[in-house]
Structures are given as structure tokens and as C-alpha cells.
Amino acid sequence: MILTVPHDSMLFPTLGPQICDWIVAELCFGPGDLRGNPAVIDEEKRGLIYRMYEVFPQGHPQAGRRRFRRVGLSLRKGTAKTELAAWLAAAELHHQAPVRCVGWKKGQPIGGPVTDPFVVLVAYTEEQSDELAYGALRCILEESAIGKDFDIGLE
């Protein structure tokens, strides 16, 4: 079963640009050929992040709250899905990343951090967790300047 968001005639405000700017400024690539190089977000991933972080507009009863409670991505092999997940996990966990709407300026959301973040990275086996999401996140944080803001461990 595939569920998609229906086409909307109106554009929703999004924290996407702020989050993309934060990732590019603060994070690097994880394991692989580009390891340690500054993060670069291609147009496809940028569009996905913009959509994932849409918020309800000012005047709406849920103004500032995320439009989507859950987002699932299914992308082709080789598109660095794990790296994208690690970048978003790092943003959700960091004390200065603009991942929640904390106010408005000229009708656009102002991003701020999560007060008490909780991010779950799930794998079927222990090997997958080391090689995939947590391993990528650990590598990215160890090689990024903001890594000092985290207590990075193997557990």
C-alpha cells in the first residue's frame, strides 16, 4: 500500500530552508567516499526536507505545529537515505537546530530547538545498527564541529 499526500492548492510554510542551512553549516558526510567533507543537500533531498517540515500557517488552529506527524521515505538504492536520516536525527537532537516553530516573522516560521529530544533509530539486527543509522550518525558527529556538543558512545 502506498499513501501519498494529496496535491494542495496552497503552499504551507516550512522550516525546511532553515534546517537545510543548519545541516550544510554544521554537518559533514558520513562513511563513504565523501566522509568528513561538508554536507551538501541535493535538490531532491531539499524538497523532501521542505515537505517533511511543513507547519500549519498563522491563523490556523494548529499554527506552528508540524503538518505531518509521521513521514516515511522510500527511495531507490544509492540515494544516501541513511545519511539523510542521520542528518535529520542530528538536527532533532542538537540544542540549537531550528526543527520546531518557536514564532513567526512576516508569515514565515522561526525555527528553534526541541527542549527534550527523543529520537529512535531502529534496525533489525545489531550489525545493521552499527553499519547503518547509528553508525552513520556517530561518524558524522565525530567528524563535525558540533560533535563536541554530544556524548558520543558505542552504547
Side-chain angles (χ1 to χ4, degrees), residues 2-32 34-76 79-122 132-153:
I2 297 176
L3 299 174
T4 59
V5 178
H7 177 72
D8 291 311
S9 57
M10 81 176 252
L11 293 176
F12 282 78
T14 180
L15 294 166
Q18 297 169 63
I19 294 166
C20 288
D21 290 347
W22 185 87
I23 289 169
V24 168
E26 302 295 342
L27 300 176
C28 66
F29 282 100
L34 298 173
R35 182 179 184 150
N37 288 324
V40 175
I41 301 174
D42 63 39
E43 291 304 310
E44 181 180 26
K45 287 187 189 71
R46 188 171 292 273
L48 292 170
I49 293 169
Y50 278 37
R51 193 70 193 256
M52 284 187 268
Y53 283 91
E54 286 180 357
V55 296
F56 288 103
Q58 278 184 302
H60 189 280
Q62 296 183 60
R65 294 190 61 106
R66 283 203 191 152
R67 184 168 175 225
F68 306 112
R69 292 184 64 194
R70 290 190 178 117
V71 175
L73 296 178
S74 179
L75 302 171
R76 65 196 173 280
T79 56
K81 297 178 292 290
T82 301
E83 197 154 52
L84 175 60
W87 285 342
L88 293 174
E92 289 286 339
L93 290 167
H94 196 267
H95 67 276
Q96 292 181 330
V99 294
R100 295 292 185 277
C101 180
V102 296
W104 298 90
K105 183 176 183 179
K106 297 182 182 179
Q108 293 301 310
I110 299 169
V114 176
T115 303
D116 189 17
F118 180 73
V119 175
V120 179
L121 298 175
V122 180
L132 296 176
Y134 180 73
L137 176 59
R138 188 178 70 233
C139 175
I140 289 167
L141 292 177
E142 287 173 344
E143 301 212 13
S144 295
I146 64 162
K148 65 187 179 326
D149 296 339
F150 293 90
D151 180 16
I152 302 169

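The analysis underlying the following values was restricted to heavy atoms, covering all of them including side chains, and did not include hydrogens, waters or symmetry mates.
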Atom of P109, atom of C101 and distance for their closest heavy-atom approach: CB-SG, 3.8 Å
Flag side-chain contact, heavy atom, 4.5 Å: I19 against M52: no
Residues in ring-ring contact (aromatic ring centres under 6.0 Å, His included) contact with Y50, at least two apart in sequence or another chain: none
Residues forming a ring-ring contact (aromatic ring centres under 6.0 Å, His included) with H95, sequence neighbours excluded: none
With sequence neighbours excluded, residues passing side chain to side chain contact (heavy atoms under 4.5 Å, CB included) with A89: V119, L121, L137
Set of residues satisfying side chain to side chain contact (heavy atoms under 4.5 Å, CB included) with respect to Q18, sequence neighbours excluded: L15, P98
Test salt bridge (Lys or Arg N to Asp or Glu O under 4.0 Å) applied to R69 - qualifying residues, sequence neighbours left out: none
From L48 atom CG to K81 atom NZ, the distance as rounded to the nearest 0.5 Å: 12.0 Å
Salt bridge (charged side-chain N to carboxylate O under 4.0 Å, His left out) contacts touching residues 100-116 (sequence neighbours left out): E92-R100
Salt bridge (Lys or Arg N to Asp or Glu O under 4.0 Å) partners for R35, two or more places apart: E143
Pairwise side-chain contact, L141 with D149, heavy-atom cut-off 4.5 Å (strictly under): no
Residues in salt bridge (Lys or Arg N to Asp or Glu O under 4.0 Å) contact with D42, at least two apart in sequence or another chain: K45
Pairs flagged by ring pair (Phe, Tyr, Trp, His ring centres under 6.0 Å) wherever residues 8-27 is involved - sequence neighbours left out: W22-H94
Least distance between heavy atoms, I41 atom then W87 atom: CG1-CZ3, 4.1 Å
Residues in side chain to side chain contact (heavy atoms under 4.5 Å, CB included) contact with Q62, at least two apart in sequence or another chain: F56, H60, R65
L75 to E44 - nearest heavy-atom pair and separation: CD2-OE2, 4.1 Å
Which atom of T14 lies closest to which atom of G16, heavy atoms considered: OG1-N, 2.9 Å
Set of residues satisfying salt bridge (Lys or Arg N to Asp or Glu O under 4.0 Å) with respect to E54, sequence neighbours excluded: R51, R67
Pairs meeting criterion salt bridge (charged side-chain N to carboxylate O under 4.0 Å, His left out) with involvement of residues 15-32, two or more places apart: none
Straight-line distance of T79 OG1 to L84 CG, nearest 0.5 Å: 8.5 Å
Which atom of P13 lies closest to which atom of P57, heavy atoms considered: CG-CA, 3.8 Å
Minimum heavy-atom distance between L27 and A90, given as atom pair plus value: CD1-CB, 3.9 Å
